[in-house]
Amino acid sequence: MAKVLCVLYDDPVDGYPKTYARDDLPRIDHYPGGQTTPTPRGIDFTPGQLLGSVSGELGLRTFLESRGHSLVVTSDKDRDGSVFDRELVDADVVISQPFWPAYLTAERIARAENLKLAITAGIGSDHVDLDAAIAKGVTVAEVTYCNSISVAEHVVMTTLSLVRNYLPSHQWVLDGGWNIADCVARSYDLEGMQVGTVAAGRIGLAVLRRLAPFDVGLHYTDRHRLPESVEQELGLTWHAGAAEMVPHCDVVTINAPLHPETEGLFGDELLATMKRGAYLINTARAKIADRDAIDRALRSGQLAGYAGDVWYPQPAPADHPWRTMPHHGMTPHISGSSLSAQARYAAGTREILESWFAGTPLRDEYLIVDKGALAGVGAHSYSVKNT
């Protein structure tokens, strides 16, 4: 029997919800392109409930314990002597979310003698040392596509919020004011602007499709160029790299995985080549942008705004400069953890576990590392030199 260690974020400050704002979720059975949504043999939760917090347990306890496995759920992951570190020693499976990542470093993987499977309940497994997982033969899997559209919607929302100066304007209402001039002094139309994405995979392409009706110019860079039919359909301009693209853009959105080729990409040098007053949206990974360079660019006016929901580390400390820099629209890491997305990534996590316990192959689109090598979607997103 297996020990499953699940690291989830804390419950709401007012306690686990007893009721919800909506009674149901729209039924979605496939993603753009035809990939089906998760297809576990069963679920023990109600879609639309809060599954990603500690009390939600991703809806896994009944499933696991009824089959003789044990489940340990904690939010305590970073401090010395954390529950995560204590329980990891003999865990067979670790489940974590990008929003509250359990950092599986090489040192932790070395101490986890029984570890065989690391699951990301969501998308993005950069909190796992993939080289160490490859060396030890640990399978790494994630629920690919489960929240890609959720993140794309967040990108569109934050883009409009920055360009239209929504958040400061809303604050005037909360403060009892009617300060129209203050609200509109930094407000513009998105129409006619040039918008570019760094990477045009599932999320990046979904962003481009959702922004096309705003009558903007659309640009992208990706090492996998999109089909010509897609470029023509959306009127896309392809660029060989971020350095070639960003000088043309009023808005840049980052939708790339984090690896050595992207880490620190948006530093002082690249930011200086962007249009003065451009906006930068980052829902990918915080370390793709240089923390202090972003702060400087906002204070100097080189950037008109920065938004997103990814930080390093996560959770971000109270003194993180992105909390207090001007003209930002940052949130905690929530873009891919809507209640809609949670239903899909909880179901996908169960599907992965069902397959793994049965000894049947995991879907290729879920695999990052398997049998000591990059596999499935991991082989597409990474290469040996940039894990």
Side-chain angles (χ1 to χ4, degrees), residues 12 21-22 99 147-198 203-204 206-219 246 249-255 266 271 274-284 286 288-289 291 294-311 314-316 320-341:
R22 293 181 53 83
F99 330 108
N147 56 6
S148 298
I149 304 305
S150 312
V151 176
E153 290 185 359
H154 193 96
V155 171
V156 174
M157 176 187 71
T158 50
T159 297
L160 289 167
S161 294
L162 287 182
V163 173
R164 297 306 299 262
N165 202 38
Y166 168 75
L167 292 172
S169 302
H170 180 59
Q171 189 63 49
W172 280 112
V173 171
L174 298 178
D175 293 341
W178 193 260
N179 298 52
I180 293 176
D182 294 280
C183 295
V184 303
R186 294 183 65 88
S187 178
Y188 300 88
D189 291 347
L190 184 60
E191 182 184 19
M193 287 190 175
Q194 303 298 310
V195 181
T197 175
V198 178
I203 296 172
V207 170
L208 293 171
R209 290 193 180 281
R210 280 154 180 76
L211 287 177
F214 285 86
D215 293 327
V216 295
L218 293 174
H219 304 252
V246 299
C249 296
D250 303 285
V251 179
V252 174
T253 169
I254 304 171
N255 300 292
F266 281 83
L271 292 170
M274 296 177 70
K275 291 184 180 181
R276 192 190 74 83
Y279 305 88
L280 183 59
I281 315 294
N282 184 8
T283 54
I288 296 175
R291 185 195 69 177
I294 295 296
D295 186 28
R296 286 190 291 269
L298 287 169
R299 295 185 186 280
S300 72
Q302 177 61 16
L303 286 179
Y306 180 87
D309 67 333
V310 287
W311 309 66
Q314 294 191 150
H320 195 294
W322 287 2
R323 292 182 183 270
T324 54
M325 62 189 180
H327 313 307
H328 78 78
M330 295 299 296
T331 63
H333 196 167
I334 59 168
S335 64
S337 197
S338 64
L339 296 181
S340 307

When you measure from the side chain of [X] to the backbone of [Y], do you find a donor-acceptor pair of N or O atoms at a distance under 3.5 Å?
{"X": "Asp250", "Y": "Gln194", "result": "yes"}
{"X": "Asp295", "Y": "Met325", "result": "no"}
{"X": "Asn165", "Y": "Cys183", "result": "yes"}
{"X": "Arg186", "Y": "Pro168", "result": "no"}
{"X": "His327", "Y": "Tyr306", "result": "no"}

Is there side-chain contact between [X] and [Y], with heavy atoms separated by less than 4.5 Å?
{"X": "Arg299", "Y": "Pro326", "result": "yes"}
{"X": "Tyr279", "Y": "Val163", "result": "yes"}
{"X": "Val252", "Y": "Phe266", "result": "yes"}
{"X": "Thr158", "Y": "Leu162", "result": "no"}
{"X": "Ile281", "Y": "Val207", "result": "no"}
{"X": "Asn147", "Y": "Phe99", "result": "yes"}

Work out which heavy atom in [X] is nearest to a heavy atom in [Y]; give both atom names and the distance.
{"X": "Ala297", "Y": "Leu271", "result": "CB-CD1, 4.1 Å"}
{"X": "Arg210", "Y": "Ile149", "result": "NH2-CG2, 3.4 Å"}
{"X": "Cys249", "Y": "Ala278", "result": "O-CB, 4.0 Å"}
{"X": "Met330", "Y": "Ala307", "result": "SD-C, 3.8 Å"}
{"X": "Ile288", "Y": "Ala284", "result": "CD1-CB, 4.0 Å"}
{"X": "His219", "Y": "Gly217", "result": "CD2-O, 3.8 Å"}

Step-by-step side chain to side chain contact (heavy atoms under 4.5 Å, CB included) determination, Thr283 to Val151: CA-CA 7 Å; Thr283 54; Val151 176; 3.3 Å; yes

side-chain contact (heavy atoms from CB on, under 4.5 Å) partner of Met193, the single match among Thr159, Val251, Leu211: Val251

Output the distance between atom [atom1] ([X]) and atom [atom2] ([Y]), rounded to the nearest 0.5 Å.
{"X": "Ile334", "Y": "Asp309", "atom1": "CD1", "atom2": "CG", "result": "6.5 Å"}
{"X": "His154", "Y": "Ser337", "atom1": "NE2", "atom2": "OG", "result": "11.5 Å"}
{"X": "Gln302", "Y": "Ile294", "atom1": "CD", "atom2": "CD1", "result": "10.5 Å"}
{"X": "Asn282", "Y": "Thr253", "atom1": "CG", "atom2": "OG1", "result": "8.0 Å"}

Which residue pairs pass the salt bridge (Lys or Arg N to Asp or Glu O under 4.0 Å) test when at least one of the two sits in residues 148-176, sequence neighbours left out?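 Listed by first then second residue: Arg164-Asp189.
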
Does atom CZ (Arg276) have a neighbourhood of more than 12 heavy atoms from anything else shown, all under 6.0 Å? no

Can you say whether the rings of Trp311 and Trp322 are parallel (under 30°), tilted (30 to 60°) or perpendicular (over 60°)? tilted

